[in-house]
A.B. asks: 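One structure, as structure tokens, below. Some questions next.
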Amino acid sequence: MTVNERHGSLRDNLVLSRQVGAPSWRQWWAETIAFDSLIGNNDRHTENWGFLRQTWDEMAAEYRLAPVFDNGTSLGFQVRETELARFTTAMAIEQFVARGAHHYGWLANEPPQPPHARLCQTMVKFNPSTQATFERLARLRDSDIEDTLHWCTTFDLDVRFTAERAAFVRQLIRKRRAELVAAIGG
């Protein structure tokens, strides 16, 4: 059994989502892997997504895809605050982002963990209607990224999201966005 057979595949997830009749399943998956690509989430295995089920009686149920959850392995979480200074160069950011990958591939028997942008590219190849989703993400403005990260630094918590962390995350997001643009156009 390969790693991807244990964790499924994007194609299998699409098929299952269609089979249960989840509304907008293709769009949901495009948005989810685009989001995962942008934040560098490498943990979207079969237990980190799911359906919401609404039942009216014993015979009738409706399934929707749940909002994405368990995004904790993203945004450079593994880099400690004391190590951030080592990640300030473009080369360090490039190397860090290059190590990022999705948890599964397009097919279960593919080599494990394709780079984020490549899985998005494959999604568009087999589902051309999702191109606009990825293009929308590619148009995410630097000012939107900056505003959101600044907002995160304003919370008075025991573990702060520091200005240094915000600068690191900004570099990661911008690099990942650039890779997505290169992979899918936009």
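Residue numbers start at 1 and run along the sequence shown. All values below come from the heavy atoms of this structure, side chains included, with hydrogens, waters and symmetry mates left out.
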A.B. asks: Between OG of S37 and CG of N42, what distance do you get to the nearest 0.5 Å?
C.D. replies: 11.0 Å

A.B. asks: Flag the pair F161 / L149 as yes when at least one side-chain heavy-atom distance between them is below 4.5 Å, and no otherwise.
C.D. replies: yes

A.B. asks: Would the distance check show the side chain of R44 and the main-chain N or O of N48 forming a donor-acceptor pair, the cut-off being under 3.5 Å?
C.D. replies: yes

A.B. asks: Taking A60's backbone N and O only, do any of them form a donor-acceptor pair with D57's side chain (distance below 3.5 Å, no angle check)?
C.D. replies: yes

A.B. asks: Rounded to the nearest 0.5 Å, what's the gap from CD1 on I184 to CD on Q121? Could you check?
C.D. replies: 9.0 Å

A.B. asks: I'd like to check L14 versus N127 (side-chain heavy atoms, cut-off strictly below 4.5 Å). Are they in contact?
C.D. replies: yes

A.B. asks: Are any of the side-chain heavy atoms of S17 and F51 separated by less than 4.5 Å?
C.D. replies: yes

A.B. asks: Using a 3.5 Å distance criterion without hydrogens, assess whether the side chain of T130 forms a donor-acceptor pair with backbone atoms of T133.
C.D. replies: no

A.B. asks: Identify the heavy atoms of S129 and R26 that sit nearest to each other, and give their distance.
C.D. replies: OG-CD, 3.4 Å

A.B. asks: Looking at W25 and Q19, would you say the former's side chain and the latter's main chain have a donor-acceptor pair under 3.5 Å?
C.D. replies: no

A.B. asks: Return yes if a side-chain donor-acceptor contact under 3.5 Å exists between N41 and T73, otherwise no.
C.D. replies: yes

A.B. asks: Do E146 and R141 have side chains that approach each other closer than 4.5 Å (heavy atoms only, starting at C-beta)?
C.D. replies: no

A.B. asks: State which residue, out of F69, Y104, F35, W29, fulfils the ring pair (Phe, Tyr, Trp, His ring centres under 6.0 Å) condition with W49.
C.D. replies: W29

A.B. asks: So, applying side chain to side chain contact (heavy atoms under 4.5 Å, CB included) with F168, which one of T88, V79, I173, L75 is it?
C.D. replies: V79

A.B. asks: Less than 4.5 Å apart, any side-chain heavy atom of D36 and any of H102?
C.D. replies: yes

A.B. asks: Hey, what do you get for SG (C120) to CD (Q131), rounding to the nearest 0.5 Å?
C.D. replies: 11.0 Å

A.B. asks: Do you know the tightest heavy-atom contact between L38 and R176?
C.D. replies: O-CD, 3.3 Å

A.B. asks: For residues A166 and T153, report the shortest heavy-atom separation together with the two atoms involved.
C.D. replies: CB-CG2, 3.9 Å

A.B. asks: Has R177 got a side-chain atom pairing as donor or acceptor with L140's backbone, closer than 3.5 angstrom?
C.D. replies: yes

A.B. asks: So do Y63 and L52 actually touch side chain to side chain, heavy atoms under 4.5 Å?
C.D. replies: no

A.B. asks: Would you call R160-E81 a salt bridge at under 4.0 Å N-O?
C.D. replies: no

A.B. asks: Any heavy-atom pair between the side chains of M123 and W106 that's under 4.5 Å?
C.D. replies: yes

A.B. asks: Side chain of Q27, backbone of S24: donor and acceptor closer than 3.5 Å?
C.D. replies: no

A.B. asks: Measuring only between side-chain heavy atoms, which start at C-beta, is N13 closer than 4.5 Å to R11?
C.D. replies: no

A.B. asks: First locate atom CG of D12, then atom CG of L107, and finally report the distance between them rounded to the nearest 0.5 Å.
C.D. replies: 7.5 Å

A.B. asks: CD1/I93 to CG/L172 distance, rounded to the nearest 0.5 angstrom?
C.D. replies: 4.5 Å

A.B. asks: Quick one: sort the F87 and F96 rings into parallel, tilted or perpendicular, breaks at 30° and 60°.
C.D. replies: perpendicular

A.B. asks: Please determine if E62 and R53 form a salt bridge, counting it only when a charged side-chain N lies under 4.0 Å from a carboxylate O.
C.D. replies: no

A.B. asks: Is it the case that the side chain of T162 and the backbone of R165 share a donor-acceptor pair, with hydrogens and angles ignored and the cut-off at 3.5 Å?
C.D. replies: yes

A.B. asks: How far does CZ of R139 sit from CG of L137, to the nearest 0.5 angstrom?
C.D. replies: 9.5 Å

A.B. asks: Apply the test side-chain contact (heavy atoms from CB on, under 4.5 Å) to residues D43 and H45: give CA-CA distance (whole Å), side-chain angles for both, the deciding distance (0.1 Å), then the verdict.
C.D. replies: CA-CA 6 Å; D43 196 29; H45 57 75; 2.9 Å; yes

A.B. asks: Is the count of non-hydrogen atoms from other residues, nucleotides or ligands lying under 6.0 Å from E47 atom CD greater than 12?
C.D. replies: no

